[in-house]
**Q** 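Handing you this structure, nothing more for now.
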Amino acid sequence: MQDHSSLVNQLGIVCPSPEQPLLSNAGVEVFVKRDDLLHPVISGNKWRKLQGHLYQALQNNTKQLISFGGGYSNHLHALGYCCFKLGIQLIAIVRGDYTGQLTPMLEDLMQWNAQLQFVIKQEYKERNSTEYLQNLQQHFPTATIIPEGGSDPLALEGMGNLLKELENQYDYMVCPVASGATLAGLAKGIVDLNLKTKILGIAMLKGEAYLEELVGKLLPQKIPVPEIIHDYHCGGYAKSPDYLQQFCSEFTHNTKVPVEPVYSGKMFYAVTQLIEKEYFPAGSRVLALHTGGLQGARQKESS
Ligand SMILES: *Cc1c(COP(=O)(O)O)cnc(C)c1O
């Protein structure tokens, strides 16, 4: 295994992140892995997915990284901060034109000396095509390109490292699903480490079949795609109806664990609903992964 400890120290990452009891209901014990406490700026699962990329960049003495995201992207935000701290220049390819109306995340990126390139939706769609990437590479010959969300095999490695930190054993581990790399990384980690835990994904957006396909594409063929529950997207990506907002404030009040409605709040909402529906057999120990994202709560929408 690669030793990421100097990177962890340089960025001030809390490692391992805390693992805490959360609640107990109907014979089901729920615990939480607090990746929201990994770092005040770097959003939890974005660190997990980026650490392999950053380590490689340092090893190769890379001075420029390129990546992609929307105007509210937690991924670009986390990467921008890391690059700033590590003396790497980030070229951020942003979907949409935010000239003169930067979001708080894009303002931070500017502060951290990232170079923002606004592209129209049509061009953004090309972000994974070979021809587009070759072109980009020609423009920035010494740069390394990281896919949107950092989502590739290196990201899965970093997610797998999370499992090595766990102090206890669980019957289930639950995480939110958007691009699917978090879920895929846990699914692969479970197999690599020969753990018995069942991994369960909660869809954050309307994406039945589509999300399973995304996760399947990220995973080596021999590893099965975990179950994804599609009943709690609450209307779609970044949609937060009143009942969800109310849940989030009650949840934070009762547990003292901060959540936001785009990811963590939705996932905990799903977990409590699944307990009521007796999805988990009595006696189960369930670990929910708090993926962070609280910086994104500065504005309702985030990605
Ligand atoms: C990006 C993000 C997710 C989604 O993770 P994927 O790997 O894209 O499925 C979940 N939670 C938070 C806080 C995020 O920022």
Side-chain angles (χ1 to χ4, degrees), residues 17 32-53 67-82 103-105 128 146-162 173-189 199-207 210-219 225-226 228-230 232-234 236-238 240 248 257-271 288-303:
S17 66
V32 58
K33 175 75 169 160
R34 297 287 307 273
D35 269 12
D36 57 313
L37 298 178
L38 273 178
H39 194 275
V41 178
I42 305 168
S43 187
N45 73 332
K46 300 305 182 273
W47 159 250
R48 301 282 181 191
K49 297 198 285 177
L50 281 170
Q51 59 175 281
H53 292 283
S67 197
F68 309 86
Y72 297 86
S73 168
N74 285 333
H75 161 67
L76 284 182
H77 192 259
L79 182 58
Y81 178 84
C82 294
T103 64
M105 293 93 207
N128 296 320
I146 299 177
E148 183 185 56
S151 302
D152 67 0
L154 270 180
L156 303 198
E157 284 295 321
M159 285 311 308
N161 289 343
L162 181 153
M173 185 161 176
V174 187
C175 75
V177 183
S179 79
T182 300
L183 183 68
L186 293 176
K188 179 167 183 296
I199 304 291
L200 183 64
I202 308 293
M204 298 290 110
L205 45 104
K206 287 186 195 167
Y210 160 77
L211 287 179
E212 280 81 356
E213 196 187 316
L214 278 185
V215 175
K217 275 191 198 151
L218 287 164
L219 281 172
V225 175
I228 302 177
I229 307 254
H230 293 275
Y232 304 104
H233 56 65
C234 303
Y237 183 68
S240 54
C248 289
V257 175
V259 294
E260 45 69 48
V262 181
Y263 294 110
S264 52
K266 235 178 228 187
M267 178 197 60
F268 284 114
Y269 174 71
V271 170
L289 174 61
H290 194 319
T291 45
L294 294 160
Q295 68 81 17
R298 288 182 290 177
Q299 295 226 347
K300 197 170 148 198
E301 202 193 342
S302 91
S303 69

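Everything quoted here is computed from the prediction, not taken from an experiment. Both counts, for ligands and for their atoms, begin at 1 and track the order of listing.
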**Q** Just heavy atoms, cut-off under 4.0 Å: does His75 contact ligand 1 by side chain, backbone, both, or neither?
**A**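 For His75, there is no contact with ligand 1 at all, from either part.
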
**Q** Any atoms of ligand 1 less than 4.0 Å from a non-hydrogen atom of Gly293? List them with their elements.
**A**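 Atoms satisfying the 4.0 Å criterion: 13 (C).
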
**Q** Given Ala184, Gly292, Ser73, which has its nearest heavy atom closest to atom 13 (C) of ligand 1?
**A**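 Closest candidate by heavy-atom distance is Gly292.
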
**Q** Any side-chain heavy atom of His75 sitting closer than 4.5 Å to one from Ser67?
**A**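 Heavy-atom side-chain distance check passes, below 4.5 Å.
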
**Q** For a side chain to side chain contact (heavy atoms under 4.5 Å, CB included) check, start with the C-alpha distance between Arg48 and Ser17, then their side-chain angles and the critical distance, and finish with the verdict.
**A** CA-CA 11 Å; Arg48 301 282 181 191; Ser17 66; 3.6 Å; yes

**Q** Using a strict 4.0 Å cut-off to heavy atoms of Gly180, name the atoms of ligand 1 that fall inside it.
**A**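 Checking each atom against Gly180, I get 6 (P), 8 (O), 9 (O).
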
**Q** Taking side chain as C-beta onward, heavy atoms only, is His230 less than 4.5 Å from Leu211?
**A**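 The answer is yes, as the side chains (C-beta and beyond) meet within the 4.5 Å cut-off.
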
**Q** Just heavy atoms, cut-off under 4.0 Å: does Asn74 contact ligand 1 by side chain, backbone, both, or neither?
**A**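 Side chain only; the backbone of Asn74 stays clear of ligand 1.
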
**Q** If we set the cut-off at 4.0 Å for heavy atoms, which region of Met204 has an atom near ligand 1: side chain, backbone, both, or neither?
**A**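 Under 4.0 Å from ligand 1, Met204 contributes no heavy atoms.
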
**Q** Please list, chain by chain and in numerical order, all residues satisfying side-chain contact (heavy atoms from CB on, under 4.5 Å) with Cys234, sequence neighbours excluded.
**A**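 So Cys234 forms a side-chain contact (heavy atoms from CB on, under 4.5 Å) with Pro241, Tyr243, Leu244, Lys266, Tyr269.
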
**Q** I'd like a table of donor-acceptor pairs (distance under 3.5 Å, sequence neighbours excluded) in which one partner is a side-chain atom from residues 182-189, with atom names and distances.
**A**
residue : atom : partner : partner atom : Å
Thr182  : OG1  : Asn45   : ND2          : 2.8
Lys188  : NZ   : Asp192  : OD2          : 2.8

**Q** In this structure, does ligand 1 have an atom that sits under 4.0 Å from one of the heavy atoms of Pro176?
**A**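 The answer is yes: ligand 1 sits under 4.0 Å from a heavy atom of Pro176.
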
**Q** Using side-chain heavy atoms (C-beta onward) and a distance below 4.5 Å, is Lys46 in contact with Leu79?
**A**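 No, side chains not in contact.
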
**Q** Could you point out which residue of Asp36, Leu37, Asp35 forms a side-chain contact (heavy atoms from CB on, under 4.5 Å) with His290?
**A**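 Answer after filtering Asp36, Leu37, Asp35: Asp36.
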
**Q** Which ligand 1 atoms, with their elements, are less than 4.0 angstrom from a heavy-atom of Val177?
**A**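 Atoms satisfying the 4.0 Å criterion: 9 (O).
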
**Q** What part of Leu183, side chain from CB on, backbone N/CA/C/O, both or neither, has a heavy atom under 4.0 Å from ligand 1?
**A**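 No part of Leu183 comes within reach of ligand 1.
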
**Q** If the cut-off is 4.0 Å to any non-hydrogen atom of Thr182, which atoms of ligand 1 fall inside it?
**A**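 Counting from 1, the qualifying ligand atoms are 5 (O), 6 (P), 7 (O).
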
